[in-house]
Amino acid sequence: MVDKMQGRASSARVFRSRIPTLLVSMFATFASIYVAGRLWQDSENRVYLIKELDRIIGQGRSVISVDDTLKIIACREQHKKLSALEMELAGARQEGFTSMRSTEINGTDYKRRPLVVIGIFTTFGRKNNRDAIRKAWMGTGAALKKMENEKGIIARFVIGRSANHGDSLDRAIDNENRQTKDFIILDTHLEAPEEFPKKAKLFFAHAAEEWNAEFYSKVNDDVYVNIDALGATLATHLDKPRVYMGCMKSGEVFSEPSQKWYEPEWWKFGDKKSYFRHASGEMYVISQALAKFVSINRGILRTYAHDDISVGSWFIGIDVKHVDEAKFCCSSWTGGAICAGV
């Protein structure tokens with residue numbers, strides 16, 4: 001009998017303890033429904049207020065409270081920000097942040113982004129070479145402009161200044177440029193064989209700042225370039241943001257000053273003294289991202305005895321796609337080749 005009474009008392013206590021828990025749960029459920037309803041109602045109210053304001057303003061009246069007006073203004077500010085972002089995105093696409101080289105909007109054909117800027121490295125006393133290049137593949141005047149407009153290929157001779165600034169050598173180049181208008185004259189660069197690597201650095205920096213092209217190329221002034229083959233090859237690499245392209249090689253590092261290709265810092269290349277893989281200096285191409293990298297970091301980029309070694313060294317420690325393309329091997333002319341030594 002006592003056990004039964006104790007059992008009933010225990011059951012009563014359990015029942016009583018469950019009542020507050022149940023009430024709390026019900027209260028939380030109703031509160032959640034209430035809050036959700038208010039949020040939904042607030043959202044609907046905002047839409048309604050905007051429509052109502054437009055209707056009232058259209059009728060020449062203004063009876064909405066200051067608080068409601070501020071809410072409407074906040075909504076419209078968000079809409080303006082969204083519109084501004086959409087405009088920025090459209091502008092970015094026009095600036096070349098897509099793989100397309102031309103954009104057509106509402107039937108209007110916008111100016112195309114250049115495919116490549118070719119820097120033909122020349123020096124004093126080589127006017128015959130320059131004239132041969134103009135006649136063979138570069139063109140002059142209207143022909144040069146046509147290549148730029150129709151093929152997106154810009155070609156310029158690249159030269160520095162004489163050690164005796166303003167002398168007859170400088171004047172000859174200035175006179176030639178006035179007639180042909182096809183030079184990049186690096187006024188701060190001293191034109192000398194040992195300064196060729198620095199010349200490459202200055203060219204890429206200058207070209208990246210002057211032209212918003214897909215690619216930038218260095219070519220010697222004794223090389224014939226097949227413009228159509230170059231354009232077709234580069235077009236297949238437009239989807240690669242950081243590309244370094246050329247006839248890749250890795251030769252011996254010469255440590256004796258009497259040798260032709262002597263490298264003063266030969267000891268940096270290991271015991272076997274072999275260069276890392278790099279593109280042959282006759283002609284090579286880098287993408288816009290790499291040209292801008294050179295432009296930004298030109299003050300700290302190290303140069304070695306040769307321009308092709310120097311350029312190759314800049315891209316060892318960063319994420320770059322090296323493309324070994326036999327068509328850039330100018331020493332042997334084959335079918336579909338891009339360049340050939342002359």
Side-chain angles (χ1 to χ4, degrees), residues 115-123 126 129-130 132-133 135-138 147 151-158 193 196-197 199-201 203-204 207 213-240 242-254 259-263 269 272-288 290-291 294 303-316 320-342:
L115 177 63
V116 60
V117 176
I118 303 175
I120 308 164
F121 281 31
T122 189
T123 188
R126 295 178 68 86
N129 288 57
R130 293 191 290 272
I133 286 176
K135 185 176 180 179
W137 62 267
M138 180 176 165
M147 183 174 71
K151 300 181 183 295
I153 297 177
I154 297 171
R156 296 288 187 274
F157 292 104
V158 183
F196 238 51
K199 184 175 180 178
K201 183 164 57 172
F203 160 67
F204 286 122
E214 299 282 358
F215 300 98
Y216 302 84
S217 175
K218 177 261 178 176
V219 181
N220 286 342
D221 68 354
D222 57 357
V223 169
Y224 173 86
V225 177
N226 184 333
I227 292 298
D228 292 330
L230 174 63
T233 299
L234 295 181
T236 64
H237 296 282
L238 287 171
D239 60 333
K240 301 179 181 67
R242 295 176 300 278
V243 63
Y244 170 43
M245 191 184 328
C247 179
M248 297 293 171
K249 63 178 185 177
S250 179
E252 179 184 356
V253 180
F254 295 100
Q259 295 172 311
K260 180 179 180 180
W261 305 110
Y262 169 61
E263 171 60 68
F269 297 92
K272 293 184 178 180
K273 292 181 289 189
S274 293
Y275 285 119
F276 42 77
R277 296 285 285 177
H278 61 278
S280 171
E282 291 178 300
M283 183 177 186
Y284 51 83
V285 177
I286 63 176
S287 60
Q288 184 190 80
L290 298 187
V294 174
T303 57
Y304 293 96
H306 314 295
D307 71 281
D308 52 357
I309 299 297
S310 300
V311 173
S313 71
W314 301 337
F315 306 140
I316 288 180
V320 173
K321 175 68 175 178
H322 285 61
V323 178
D324 184 11
E325 177 56 75
K327 294 179 181 179
F328 283 100
C329 297
C330 306
S331 57
S332 60
W333 184 259
T334 58
I338 292 173
C339 61
V342 293

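Quantities reported herein were computed from a predicted structural model and do not represent experimental measurements. Along the sequence shown, residues carry numbers from 1.
- Taking both residues in full, the closest heavy atoms of Gln288 and Ala213 are given as NE2-O, 3.0 Å, listed atom of the first, atom of the second, then distance.
- The shortest non-hydrogen separation linking Val117 to Phe203 is O-CZ, 4.2 Å.
- Smallest separation of non-hydrogen atoms from Asp308 and Gly281: OD2-N, 3.3 Å.
- Looking at heavy atoms from C-beta onward, Tyr284 lies out of side-chain contact with Val323 at the 4.5 angstrom threshold.
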> Glu325 and Val285: side-chain contact (heavy atoms from CB on, under 4.5 Å), yes or no, with the steps?
Replying inline: CA-CA 11 Å; Glu325 177 56 75; Val285 177; over 6 Å; no
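- Atoms NZ and SG, from Lys327 and Cys339 in turn, are 11.5 Å apart once rounded to the nearest 0.5 Å.
- Heavy-atom contacts from other residues, nucleotides or ligands closer than 6.0 Å to NZ of Lys240 number more than 12.
- Listed by chain and number, the residues in a ring-ring contact (aromatic ring centres under 6.0 Å, His included) with His237 amount to none (sequence neighbours excluded).
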> Is there a side-chain contact (heavy atoms from CB on, under 4.5 Å) between Leu234 and Glu214 once you walk through the steps?
Replying inline: CA-CA 9 Å; Leu234 295 181; Glu214 299 282 358; over 6 Å; no
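- Scanning for side chain to side chain donor-acceptor pair (under 3.5 Å) contacts around Asp228 gives Lys151, with sequence neighbours left out.
- The CZ atom of Phe328 sits 9.5 Å away from the CE atom of Met248 when rounded to the nearest 0.5 Å.
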> What do the steps show when you test Trp314 against Leu290 for side-chain contact (heavy atoms from CB on, under 4.5 Å), and what is the final call?
Replying inline: CA-CA 9 Å; Trp314 301 337; Leu290 298 187; over 6 Å; no
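- For Lys218, the side chain to side chain donor-acceptor pair (under 3.5 Å) test picks out Asn220, Asp307, with sequence neighbours left out.
- Considering only heavy atoms from C-beta on, Met138 stays 4.5 Å or farther from Ile118 through its side chain.
- Not a single salt bridge (Lys or Arg N to Asp or Glu O under 4.0 Å) links Asp222 to another residue, sequence neighbours left out.
- For the cysteine pair Cys247 and Cys330, the distance separating the two SG atoms is not below 2.5 Å.
- In this structure Ala291 satisfies the side chain to side chain contact (heavy atoms under 4.5 Å, CB included) test together with Ala208, Tyr216, Ile286, sequence neighbours excluded.
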>> Does Leu238 form a side-chain contact (heavy atoms from CB on, under 4.5 Å) with Leu115? I'd like the steps, not just the answer.
In response: CA-CA 9 Å; Leu238 287 171; Leu115 177 63; 4.1 Å; yes
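- Note that CD1 of Ile120 is 9.0 Å distant from OG of Ser217, once rounded to the nearest 0.5 Å.
- Taking the side chain to side chain contact (heavy atoms under 4.5 Å, CB included) definition, one finds that Ala229 meets it with Asn226, Ile338, sequence neighbours left out.
- Of the inter-residue distances, the one linking Lys249 atom NZ with Ile309 atom CD1 reads 7.0 Å to the nearest 0.5 angstrom.
- The side chain to side chain contact (heavy atoms under 4.5 Å, CB included) search around Ser313 returns Phe276, Tyr304, not counting sequence neighbours.
- Shown here are the ring-ring contact (aromatic ring centres under 6.0 Å, His included) partners of Phe315, two or more places apart in sequence or in another chain: Tyr244.
- Evaluation of the side chain to side chain contact (heavy atoms under 4.5 Å, CB included) rule for Thr122 yields Arg126, Arg130, Phe157, Ile159, Phe183, Asp221 as partners, not counting sequence neighbours.
- Checking side-chain atoms of Thr303 against main-chain N and O of Ser310 turns up no donor-acceptor pair under 3.5 Å.
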